[in-house]
Amino acid sequence: MKAMSPLEELRHSCSHILATAILRLYPDTQLDIGPPTENGFYYDVDLEKKLDASDLEAIEAEMKKVIKENQKFERIECSREEAITKIKSIGQERYKLGRLADIPEGEPISFYQNGEFIDLCAGSHVGYTKKVKAFKLLSIAGAYHRGDENNKQLQRIYGTAFGSKEELEVYLERLEQARARDHRKLGRELKLFHIDEAVGSGMVLWTPNGAIIRQELQSFIAEELRMADYEQVFTPHIGKLGLYRTSGHFPYYKESQFPPIVEPGTVEHLAESGCSCGELSNQLDSGEIDGYLLKPMNCPMHIKIFDSQPHSYRDLPVRLAEFGTVYRWEQSGELNGMTRVRGFTQDDAHIFCTEEQVGQEIQGCLDLVKLVFNTLGMQDYRVRIGLRDPDSSKYVGDAAKWDKAEAALREAAQTLEVQFVEEPGEAAFYGPKIDFVVKDVIGREWQLGTVQVDYNLPERFKLSYIGADNEKHRPVMIHRAPFGSMERFCGVLIEHFAGNFPTWLAPEQVRILPMNDDLVPQAREIEKLLKAAKIRVTVDAVADKLGAKIRKTHLDKVPHMLVLGKREAEEGKVQVKSRANPSLEGVKTPAEFMSELLQTIADKTLPESESAEAGS
RNA sequence: GCCGAAGUAGCUCAGCUGGUAGAGCAAUUCAUUCGUAAUGAAUAGGUCGUCGGUUCGAAUCCGAUCUUCGGCUCCA
């Protein structure tokens, strides 16, 4: 067990103080575990009473008493037999005996005691409870014992603790500020997207402003793909069920899909012959009835495009790209703004290549992902290699193919010049993958860019090409999506920029603020000039004072504004004020500003200032 | 899907123990023509998520349901 940092130690101790208080208030409680986390700690408890916010207050009050008593934390080491006796004597056998059994033979077994409270615990802890100078209980949530949904759901109490009150306040303040850049809040305020009950949960409606951002991102990637020798394709939103039986989607990921669509008359016909819904379902499973599936992935259709013609090794790699919209039945509790939805568009592509080309092609994909992240100034990501979980049966294909694919990915990742971690169980059902993972404003991780190596689907679809030896060979597939999905990527991007987009992405790039009505015609002339250069520009012709117009432009997060007053007008100039690129500021002619701005757009220049500042 | 919380005007929210709704901002209209983050006044806007129940009477109490939020599980 690795050593705890002083802060982790403090928080871990605070979770013991929490448990101490809970046992005082609810002596029947059975405790599970209470570790420190990245931003605080929690304790999982099993008690009859459903805790609510007012109970948290009472528990906090009791915790303060425990701290005031300044109890000493003492380590008690003992043998396994003694530990069993001790756990029984304190009446905590329901979970603690299982936790004790987890400790490998030969490892030391220890308890920690503070006051009347004793807990099986490896440590470490602060010396005395008074060391915990500042803490706060934050929320209650359900959490399955050992994270297994077949187990009982316990009540998890989350809290955080710091060495001083000031640090706690700074943390709570930061939390508050982070929420101000939440993409769901900014999405509404800046009119970027809308989710409507009447359309359905997890279905994103891209409103005009958001659509501009998406369009710009798509144009950007499409241009890069052209240069990297990808070919554009289009495919429909549904396909025959049989296609997905072949790919493995239908049997293997049935629970994550919308149910099949059957042909007109099928249901009525079956009903007449007295067929039950269960039988219908069985017949769909067995293939007696063929329906259609809303596509959960684009790959089977791209495979069919590849397979529509014979291929020579000279043709490879074939790279087929599509902004393909897919639909997945995500659990209702998982839906989240734009970052977890039921219908989304991937910037998808599938590369069909020879085994020798795999390394180089993965490299090309990783370069593309890195280019995307660099262009947008997203440096705060981690790289994960998702491997199969050896104990699970949810994967297609044999072990040898998986080993080959995993080795290819690992090798490519090593040349990436970023640190990566390998995580078993994170693979796709047809192959391992390299994922680029970022955090949202409240610390949740989301997978964006992904590169996946697949030896299995070519096998299932019996793909082939003719090699130099005039024999048939099996190509290897690479699935890749630098953004992941447009929805999730934009959600994360909104938070990354706190709504202050670089000029090339901003829905409104320039706003002209004429000082009074007389100057509106002149403002319209400038607007016309900029519009002719495809700049997204508006004129604020409302009879407000300048201060009000400036304020509104700031709140709308428009990157550049042109103030047009009498002074400027007489010289044929405008005053440039720029949130995004202060270096553009100054009094200059519209033509001068325009050429500088066009350069900024062409270069995809990032905002110069740290635009983390959120809202008013 | 599970645990918990919440749904009142476009947005943010108030409405105590039941007597059929209110503020600020936004919107609209009028006046103001103004020099760097809010000019003033007036007007309009809600079957209180939905359905059902209790009651003389429900935003308020009860039940169901939908949606959202925080977790858990899941995640191709």
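The structure displayed is predicted, hence computed values, not measured ones. Chain letters run A, B, ... following the sequence lines, proteins first, then strands; residues in each count from 1. Reckoned from all heavy atoms, side chains included, excluding hydrogens, waters and symmetry mates.
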Asker: Hey, is A:R184 close enough to A:D182 for a salt bridge, meaning N to O under 4.0 Å?
Answerer: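 Salt bridge present between A:R184 and A:D182.
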Asker: Using salt bridge (Lys or Arg N to Asp or Glu O under 4.0 Å) as the criterion, list what pairs up with A:D556, not counting sequence neighbours.
Answerer: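 Checked A:D556 against salt bridge (Lys or Arg N to Asp or Glu O under 4.0 Å); matches are A:R511, A:K552.
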Asker: Would you check if there is a donor-acceptor pair between the side chains of A:H479 and A:D348 at a distance under 3.5 Å?
Answerer: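 Checked: A:D348/A:H479 side chains show no N/O donor-acceptor pair below 3.5 Å.
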Asker: Measuring from the side chain of A:L555 (C-beta onward, heavy atoms only), which nucleotide among B:C72, B:U39, B:A37 has the closest atom?
Answerer: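 Among the listed nucleotides, the one closest to the side chain of A:L555 is B:A37.
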Asker: Please write out each protein N/O paired with an N/O of nucleotides 7-12 of chain B under 3.5 Å, distance rounded to 0.1 Å.
Answerer:
| residue | atom | partner | partner atom | Å |
| --- | --- | --- | --- | --- |
| B:U12 | OP1 | A:R188 | NH2 | 3.0 |

Asker: Residues in ring-ring contact (aromatic ring centres under 6.0 Å, His included) with A:F323, at least two apart?
Answerer: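 Per chain and number, A:F323 pairs via ring-ring contact (aromatic ring centres under 6.0 Å, His included) with no residue.
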Asker: Enumerate, in order of first residue number, the stems that involve RNA chain B, defined as 3 or more consecutive Watson-Crick or G-U wobble pairs with both distances under 3.5 Å.
Answerer: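 Output for stems: B:1-7 with B:66-72, B:10-13 with B:22-25, B:27-31 with B:39-43, B:49-53 with B:61-65.
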Asker: Between A:I550 and A:M297, which is nearer to the 5' end of RNA chain B once each is assigned its nearest nucleotide?
Answerer: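 Nearest-nucleotide comparison on RNA chain B picks A:I550.
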Asker: Assess whether one donor atom and one acceptor atom, taken from the side chain of A:Y144 and the base of B:G71, lie less than 3.5 Å apart.
Answerer: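 Looking at the base of B:G71, it does not pair with any donor or acceptor on the side chain of A:Y144 (distance under 3.5 Å).
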Asker: When you match A:D148 and A:A428 each to their closest nucleotide on RNA chain B, which lands nearer the 5' end?
Answerer: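 The residue mapped nearer the 5' terminus is A:D148.
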Asker: Do the side chain of A:K577 and the base of B:U36 come within less than 3.5 angstrom through a donor-acceptor pair of N or O atoms?
Answerer: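 Yes, a donor-acceptor pair under 3.5 Å.
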Asker: So, using side chain to side chain contact (heavy atoms under 4.5 Å, CB included) as the criterion, who are the partners of A:T207 when residues are at least two apart?
Answerer: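 So A:T207 forms a side chain to side chain contact (heavy atoms under 4.5 Å, CB included) with A:H194.
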Asker: Over how many whole Å does the gap from A:R156 atom CZ to B:A5 atom P extend?
Answerer: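 In whole Å, B:A5 P and A:R156 CZ are 18 Å from each other.
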Asker: Answer yes if the side chains of A:Q257 and A:H249 hold a donor-acceptor pair under 3.5 Å, and no otherwise.
Answerer: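 There is no such pair between these side chains.
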Asker: Could you go over nucleotides 29-31 of chain B and give all protein N or O partners under 3.5 Å, atom names and distances?
Answerer:
none

Asker: Between A:T503 and A:Q509, is any side-chain donor less than 3.5 angstrom from a side-chain acceptor?
Answerer: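 Side chains of A:T503 and A:Q509: no pair found under 3.5 Å.
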Asker: So does A:R184 get a side-chain nitrogen or oxygen closer than 4.0 Å to the phosphate oxygens (OP1/OP2) of B:C69?
Answerer: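 Yes, within the criterion.
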Asker: Can you tell me which nucleotide in B:G71, B:U39, B:C74 comes closest to the side chain of A:D544?
Answerer: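 So the side chain of A:D544 is nearest to B:U39.
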